[in-house]
Student: 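Submitted below is the structure of interest, expressed as C-alpha cells.
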Amino acid sequence: MSLLRRRKGSENDIDSNTTHDSEPIDDEDLKTEKARREKTKKKNKWGCADSCCWLIGCICSVWWILLFSYNALPASIPQYVAEAITGPLPDPPGVKLYKEGLRVKHPVVFVPGIVTGGLELWEGHNCAEGLFRKRLWGGTFGEVYKRPLCWVEHLSLDNETGLDPPGIRVRPVSGLVAADYFAPGYFVWAVLIANLARIGYEEKTMYMAAYDWRISFQNTEVRDQTMSRIKSNIELMVKTNGKKVVVIPHSMGTLYFLHFMKWVEAPAPMGGGGGPDWCAKHIKAVLNIGAPFLGVPKAVAGIFSAEAKDIAVARAFAPVVLDNDIFGFQTLQHMMRMTRTWDSTMSMIPKGGETIWGTLDWSPEDGYDCSPKRQKNNDTKAVRQRDQGNRDLPLKSVNYGRIISFGKDVTEAHSSKIERTDFKNAITANNLANTTCNDVWTEYNEMSIGAIRAVADQKVYTAGSVLDLLNFVAPKLMTRGSAHFSYGIADNLDDPKYEHYKYWSNPLETTLPNAPNMEIYSMYGVGIPTERAYVYKLSPPSECYIPFQIDNSAEGENEDSCLSGGVYTVDGDETIPALSAGFMSAKGWRGKTRFNPSGIRTYIREYNHAPPANLLEGRGTQSGAHVDIMGNFALIEDILQVAAGATGEELGRDRVYSNIFKWSEKINLKL
Amino acid sequence: MGSILRFRQLCYVEPVKISSLINQKSYEPAKNDEVGGVPNVDDVFEKENKKRKTKRQTREWRFVDNCCWVIGYLCTTWWLLMFMYNCLPVALPGFQVPESPGVRFKREGLTALHPVVLVPGIVTGGLELWEGKPCAEGLFRKRLWGGSFSELFRRPLCWLEHLSLDSETGLDPEGIRVRAIPGLVAADYFAPGYFVWAVLIENLARIGYEGKNMHMAAYDWRISFQNTEVRDQTLNRLKAKIELMYATNGNKKVVVVPHSMGAIYFLHFLKWVESPPPMGGGGGPGWCAKHIKAVMNIGPTFLGVPKAVSNYFSAEAKDIANIRAMAPGLLDSDILGFQTLKHSLRLSRTWDTIGSLIPKGGETIWGNLDWSPEEGCNYDWAKKRLQYPSSSENNSTNNDAKRGCRVVEPVKYGRIISFGKASQMPSSLLQSLDIKKLQRSSILKNASSTCGEIWSEYDEMSRESIKEVADNKAYTARTLLDLLSSVAPKMMRRVEAQFSHGLADNLDDPKYSHFKYWSNPLETKLPDAPDVEIYCLYGVGIPTERSYIYKLVSTEKCNIIPYRIDSSAEGSENGCYDGGVYMVDGDQSVPVLSAGFMCAKGWKGQTRFNPSGMPTYIREYQHKPPSSILEGRGTESGGHVAIMGNVALIQDVMSVAAGATGEEIGGDRIYSDILKMSERVNIQL
C-alpha cells in the first residue's frame, strides 16, 4: 500500500510542476483545462507497465475461463466436434474386435526400440542434484535446456568400457510407462496398449521389456540382468496364464530380442541356460515392427558425422546456429560425443556387406522409381504414362550401393571412371589436426589433416568398405563396438565361433531357435522415402569441428529424383529401408534355410503410408512411418488378432505393397 | 529480492514519466490555439464532450480493468519469483541440509548387499483404471487412487462406483477393472509431496540400490489377500521376483520391508509360498529359509486395529468424528446429492481387506469387559499434555492426573465399542446381546427398503434391532464380531471367508491349512526358517485410538448411519480420553499392543507360533514432532506413515539391507510398556 501511496504523491508533484510551467490561461479555459488535466491524470494512471499488467491479466483471465469451461464441459465434446467435422470416426480396433468377440488369450511382451525408452537417474554428480528418479531421457526433456552440459555428461557412457562412468547411474524406467509415451502427447506404445486393454489385457498379461538402449545387448545382462528378468517374467506369464507369449519388438528391439532368443537357450555363463527348447515352449509368435534386421544407413551417417537427413537440413537453414558455440555448448560435437559412447547405435550399422547392400555398381533396389507420383496415385494410367516416359529417357539408376560418396558427380559416374586412392596408406595419428579442442571427444581430434583428405579421396564407400572407413576415423569406438556386434555373413553357421554373443543380434550369422511352431512376422510401413545413401563433402576447417558433413546442396535434376539434400532415398518407413525390414522374412528365413533350420513360418505385413487427412487426426491412423505406425489401425488389428490366438494363415499371410520380393530375389545369398 | 524492488520502482517511475510526456504533448495544441488567437467555443465544447464520453467509458471500464491489472500484476510477480527460484542454485549457501543417512553410510563404506522388497500397506498404494464405465471416459491408465485425487472432485459418483467392489464376491464389479500400479511409483508418494516410501528409496539408492535389487510388491489392497493371487497372480509374481532377485544378485537373500497392512499380507505370503499348489505357491518347505534374510515390519498391524471396527461400523474414526461435531450439517446433509459419509461407508464395506484389520485374538489379547492389558500403564504423552496447559492451576493436579490414568478410574479399554454410559459401568450391569433374536427380527421387518441405491445394509435393519444393538451395551473384541455380523451380515460373511480373527488352541489342527488363517499370526506357525530375522519397527508416543463410545442417532430419516461416535460423551478426565475415543500409546493408527506383541511375546524364543525359533527384535521410535515447518513431516516422527522418513528407522533398515544382523544394530530398543503389557496377556505359548 505504501508503494501505491507514494506513486500517487509523486504524480501530484509532477502535475503541479506542469501547471507551474504552463502559462496562465483565460478563466474560461481554466475550467476545461482542469477537466482535461483531471482526465489526463486518470488516464495517466495507465502507464506502460500498467498496460502490460493489464494485458497479461486479461490474457490470464481469459485463459483461465477457457480452461475452466473446457474442464467443466463433458469430456466427449472434442469428440463431437471432431465427428461433426470429419464424419463419424471409425471404432478403434480394440472396440471393433471386442464386439467381434475377441478376448485376451496370449500374454504380450513389448520390446521397445532405441531412443523411445525412458531413462532415469539413480546416482549422479552434484550438478544433477534433485533429479533422483527423474526422467533424463523421455518426458519433457526439461533438463536439456536447464543444464545441458550436465545432461550430456549423465547420458554419456564411459568411452572405454561402454558402461556407466564412475559416480553415475542412469537406468531404464521400468513398467509400461517406460515407453508408452516418449514425450507428453507423443505416443509410442500407448495406442497399442489401450487397444489391447479393450479386449481384456492388463498388467498381468502385458509386460514391457524395458532395457537400457544405450549399452550393448550383452551388457544389459551384465550390468542390469535385464535378460534374466525378461526370461523370468516370460516364464511367469506363461505359468500363470497357461498360454505362450506373443512378443512385439519394435525397431532395435527386434535385434535385442533376436539376441535374447539366442541368449536364453545358450548355456549358463554366457547365456541364460534355458535349454534348447525354451523358445518353443514359451513363445507363440514374434511380431517385429519396423525391424532393422540388416541395419540402417542412418546409423552410418550418425556415427560418421552425427547427422542424418533431419539434422543436415537444419544445418542448411541455420548454418551458424548449429556449428557455433552457443553458450559454450557445441551442439553437434557434444551430440556426437554422447552418441558415440552408446554401443547400441553400432548394432544398426548395415550388415551383410556388399552381398546385401550392393556393390559400387549394383544394388538390389536398382531401378527403384522415386517419383512421388507413384505413391500418390496408383491408377494404372499414370503408371503407363510414366513407363512410356521412362522408355524415352534412358533410365538412370541410382547407385544405392555407394552408401557414402564424396561429391555428387562421383555418385553418378561408373565405378571404372572414379579415381580412388586408398586412405589406408595415409599417415594416421602423428601430426594432429587440432589438439586444442578442449574436452569434446570425437576422435576426429586425433586425425591428421592428411588423413582426412585421404578419406575424402577414396570417394566412394560401399556397405563393406564403410566399415573400414569407420574403423579408420573412429578406431576406439569400433574396437568397442566390434566386441559386441558383428556385421558379416556367415559362411558356415556351425563354426563354433558363432557361439559368441557378438553374433547373436546379426540374423545373417545366427540360426533361429529350434521352434517349428513359432511364427515370425515382419510388419513395417512402406511408401515413405527413406535414407539409403549419402553424398558427403569436407567441411571448412575451423578450430574444432567435424571434418565431414552431408552435402545438402546436392539435388537431383527433377522432382522425381531420388536425390534430395545430399541423401538418396528409397522405399521404406522413413528410417528403415524396406530391404532391411523385410529381407529376412521374404527370403533369409523363408522356408527351411540355413538361418532358419527348423522352418519357422515367416510372414510379411506391409502397411502403405497414408498421411493423416487433417490436423485433428494427429499422427494418423494409417501412417507407415517408423514410430507413427504404432498407431496404425491395420497394424493394431493384426496384433490383436495374433494376441487373441490367430495364426498367420488366418491373418491372410503376406500383405505386400513394395518390391521387397523382387529385391530379395536379386540378392545372391546362399541359403 | 533487491532486484524485484528495483523492478517495482521502475514500474512506478515509468508511468509517471510517460504521463508527464503526455501532458506536455496534450498542452501543445491548446497553446497553439491560443497563439492563433481564434478560440472557437464550439470546438472547445465538442472537445469537452468527447472527453467526457471517453471519461465515462474509462470509468465504466475501471473496475474490470483494475481486476485485470491486479491479476496481471500478481501473475508477473509470480512468474518473476518462479524464474528467480529456478535460477537460484539448488543448495543455498548457508542453508545446511542435514546429511541424509544414505550419504553418511556411503561415506562409511556401506554398499548394497541384500536385495530389498518393499510391501506397501493399505491405502498408500496407487490404483489405476484399466476398464471402466462410460462416465470414466479418458481415464484409462490414470490414477484413481493416489496422486491428486482430482477425479474425486470432478466426478465423485463415478469415482466411487469404480473404486467399489462387488458386494457379493469382493472382486471387480461387471465392466470395471481397477488395478494396482506396479513398480516403485506405486507407493513412493501417496499424493504430490506426501512421501510414503520415497525417502527410504532415495537413501537406499545412495548406497547402490536400484531397480534390479529393489522391488515394490504392489498389490490391490482392496481385495482379500488370497484374491490378489486369484485375480492378479500377485503372490506368484512376488515369488518369481524374489527368486529372480536372489538369483541375479549372487544368491543373496532378500530383506523384506512391509509396512502397515503389508506386514500381514507378507505373513500370508510366507504361508502361501510354502503351501502345496492348488491353494498355495508350491515353493516347498525350505523356500523362506532359502530366500529371505529378514522381515522388517514397519508399523505392523499384526493383531488388528480398533480403527477398522469404527470404520466398518460407522465409517468414522476420530478425525471424522471431530469434524462431524464441528459441522454437523455439512457431512450429513446431501451436498449435491453426494452423501459423503454414507457413500464412504458403502465404499469401505466392499473392501475385504479392512476385515483383515479387525482386532484379532479376542478377549485374550484385547481385554474383556473389565480387564485389558494396557491398564495401569503410564503414558508419556498423557503426562505431557497435562503439563502444558495453564501452569499454576494444574501444578497440583498434575500428579493426580498422572496417577489418574492408572489408579483413579482405570479405563476399560477392553470395551472396544460401548454405547452411552456403558463405557464405565460395572460389567454386572451390562446386558448381553442375543444375536439370533436380533437377526430374526431384522428379517421380519425390512424398515427402509426405499432408500436410494446406496448399499450399506443398515437399510435392511429394523429400527428395533438398531435400538437393541445400542441399548447400553459394551462390546469386547470377541463380541464385536457378533455385532458386526448383526449389522452387516453380508459383509461379514464375505470377510469371514477370507480372514479369521481367532486364537488357535491347537495349531496342528488340519483346518489351519486353509488360507483364511494365514494372515492371522495367532493362527499360523511361522515357516521353518531359523535364520530369518523378524523385526517389529514402530513409532510410539502418539495417542492412538483404542476404544469408542457410540451413541444412537434418530433413525427417522432415510439413509443415515444409525450410530456415530459420541464426541460429546463425558469420559474420564485423565488425558486418555478425547471426544468419544479412548486413547492408548501407539503410532496414531496402530496401538503398541498390536504392533509389538508378537515380537515381544508371541514369537519370542521358540513358541508354538514360532516353532523354529526365529529371532525377533523390537525397534521402537519415540515420536518427536518436527521442530520447524522447514522440516516437513520431521525426521524423528513416529506417526504411522511419517515414520517412513524417520532417520533412525532408515538407518536400521539400511544397516540390515547392507548385511547387519539384529544383534549388530543393537537388539531391542524399547520406549513403551510393551513388555509389561505382553506380560499381562495370558496366552499359551
Side-chain angles (χ1 to χ4, degrees), chain A residues 3 6-7 10-11 14-15 18 22-23 25-26 29 32-33 35-36 39-40 42-50 52-58 60-61 71 75-76 122-123 129-130 132-133 146 169 171-172 174-177 193-194 197 202-204 224-225 228-229 232-233 235-236 239-240, chain B residues 8 10-12 14-16 18-20 22-24 26-27 30-31 34 39 44 47-48 51 54-55 58 65 67-73 75-76 86 90-91 130-131 137-138 140-141 154 177 179-180 182-185 188 201-202 205-206 210-212 232-233 236-237 240 243-244 247-248:
Chain A
L3 283 168
R6 197 201 304 161
R7 172 167 149 249
S10 60
E11 215 171 310
I14 290 170
D15 266 74
T18 47
S22 58
E23 287 102 309
I25 330 160
D26 301 2
D29 277 9
T32 60
E33 201 63 34
R36 200 186 285 162
K39 196 217 126 189
T40 45
K42 256 160 213 157
K43 201 169 145 200
N44 290 345
K45 265 188 187 171
W46 298 93
C48 172
D50 296 285
C52 282
C53 286
W54 179 82
L55 195 69
I56 291 166
C58 272
C60 282
S61 330
N71 277 321
S76 46
W122 278 86
E123 185 182 336
E129 186 73 40
F132 175 69
R133 283 186 59 221
K146 277 164 111 175
R169 281 185 293 148
R171 295 287 178 266
S174 66
L176 292 177
V177 284
I193 292 171
E202 54 190 73
E203 207 79 47
K204 68 175 173 184
D224 299 337
Q225 289 88 44
S228 293
R229 285 169 183 233
S232 147
N233 261 304
E235 283 168 355
L236 175 72
K239 192 178 133 204
T240 54
Chain B
R8 278 190 178 168
L10 275 177
C11 278
Y12 290 117
E14 233 171 356
V16 169
I18 289 162
S19 70
S20 62
I22 292 171
N23 268 345
Q24 282 171 359
S26 61
Y27 286 129
K31 272 185 243 162
E34 244 179 284
V44 172
K47 268 183 197 168
E48 235 171 298
K51 271 172 224 153
T54 48
K55 206 177 7 180
T58 47
D65 284 347
C67 280
C68 286
W69 182 81
V70 168
I71 292 168
Y73 190 75
C75 282
T76 327
N86 277 320
V90 182
W130 277 87
E131 185 183 335
E137 184 71 41
F140 176 68
R141 285 185 60 221
R154 282 168 75 181
R177 282 184 292 150
R179 296 288 179 267
L184 291 176
V185 285
D188 54 351
I201 291 171
E202 191 165 350
R206 293 271 187 199
E210 58 190 57
K212 68 176 174 185
D232 299 337
Q233 288 89 47
N236 242 316
R237 282 161 176 246
E243 283 168 356
L244 173 71
T248 54

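Residue numbering restarts at 1 for every chain, and letters A, B, ... go by the order of the sequence lines.
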Student: Who among Asn233(A), Ile193(A), Val177(A) has the most heavy-atom pairs with chain B under 4.5 Å?
Tutor: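 Between Asn233(A), Ile193(A), Val177(A), the count favours Ile193(A).
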
Student: Quick one: of Ala180(B), Ala240(B), Ala205(B), who has the most non-hydrogen atom pairs under 4.5 Å with chain A?
Tutor: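 The option with the most such pairs is Ala205(B).
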
Student: Need one label for Arg141(B): side chain, backbone, both or neither, based on atoms under 4.5 Å from any heavy atom in chain A.
Tutor: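 The side chain, not the backbone.
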
Student: Which distance, rounded to the nearest 0.5 Å, do you find between the CG of Leu236(A) and the CD of Gln233(B)?
Tutor: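 Leu236(A) CG to Gln233(B) CD: 8.0 Å, rounded to 0.5 Å.
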
Student: Looking only at heavy atoms and a cut-off of under 4.5 Å, which of Ser61(A), Ala194(A), Pro172(A) has the most pairs with chain B?
Tutor: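 Looking at each option in turn, the highest pair count goes to Ala194(A).
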
Student: Sequence neighbours left out, what passes side-chain hydrogen bond (donor to acceptor under 3.5 Å, both in side chains) with Glu210(B)? Give chain and number order.
Tutor: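 Counting only residues at least two positions away or on another chain, Glu210(B) forms a side-chain hydrogen bond (donor to acceptor under 3.5 Å, both in side chains) with Arg169(A), Arg171(A).
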
Student: Could you tell me which portion of Arg229(A) (side chain, backbone, both or neither) has an atom closer than 4.5 angstrom to a non-hydrogen atom of chain B?
Tutor: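 For Arg229(A), heavy atoms of backbone and side chain both lie under 4.5 Å from chain B.
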
Student: Quick one: pull up CD1 in Ile71(B) and SG in Cys60(A) and give me the separation to the nearest 0.5 Å.
Tutor: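 Here the rounded value is 7.5 Å.
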
Student: How many angstroms lie between atom OG1 of Thr240(A) and atom CG of Asn236(B), to the nearest 0.5 angstrom?
Tutor: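 If we round to the nearest 0.5 Å, Thr240(A):OG1 and Asn236(B):CG are 6.5 Å apart.
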
Student: To the closest 0.5 Å, what do you measure between CH2 (Trp122(A)) and CZ (Arg206(B))?
Tutor: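 Going from the CH2 atom of Trp122(A) to the CZ atom of Arg206(B) covers 12.0 Å.
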
Student: Mind checking what makes side-chain hydrogen bond (donor to acceptor under 3.5 Å, both in side chains) contact with Glu202(A), not counting sequence neighbours?
Tutor: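 Checked Glu202(A) against side-chain hydrogen bond (donor to acceptor under 3.5 Å, both in side chains); matches are Arg177(B), Arg179(B).
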
Student: What part of Val185(B) is in contact with chain A, defined as an atom under 4.5 angstrom from a non-hydrogen atom: side chain, backbone, both or neither?
Tutor: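 Backbone plus side chain of Val185(B), per the 4.5 Å heavy-atom cut-off to chain A.
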
Student: If I measure from the heavy atoms of chain B, does Ser228(A) come under 4.5 Å with its side chain, its backbone, both, or neither?
Tutor: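 Its backbone and side chain both get close to chain B.
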
Student: For the CD atom of Glu243(B) and the CD atom of Glu235(A), what is their distance to the nearest 0.5 Å?
Tutor: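 Atom-to-atom, Glu243(B):CD and Glu235(A):CD are 10.0 Å apart.
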
Student: Which region of Leu176(A), side chain (C-beta onward) or backbone (N, CA, C, O), has a non-hydrogen atom less than 4.5 Å from a non-hydrogen atom of chain B, or is it both or neither?
Tutor: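 Both parts, backbone and side chain.
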
Student: So for Glu203(A), is it side chain, backbone, both, or neither that comes closer than 4.5 Å to the heavy atoms of chain B?
Tutor: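 Both backbone and side chain.
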
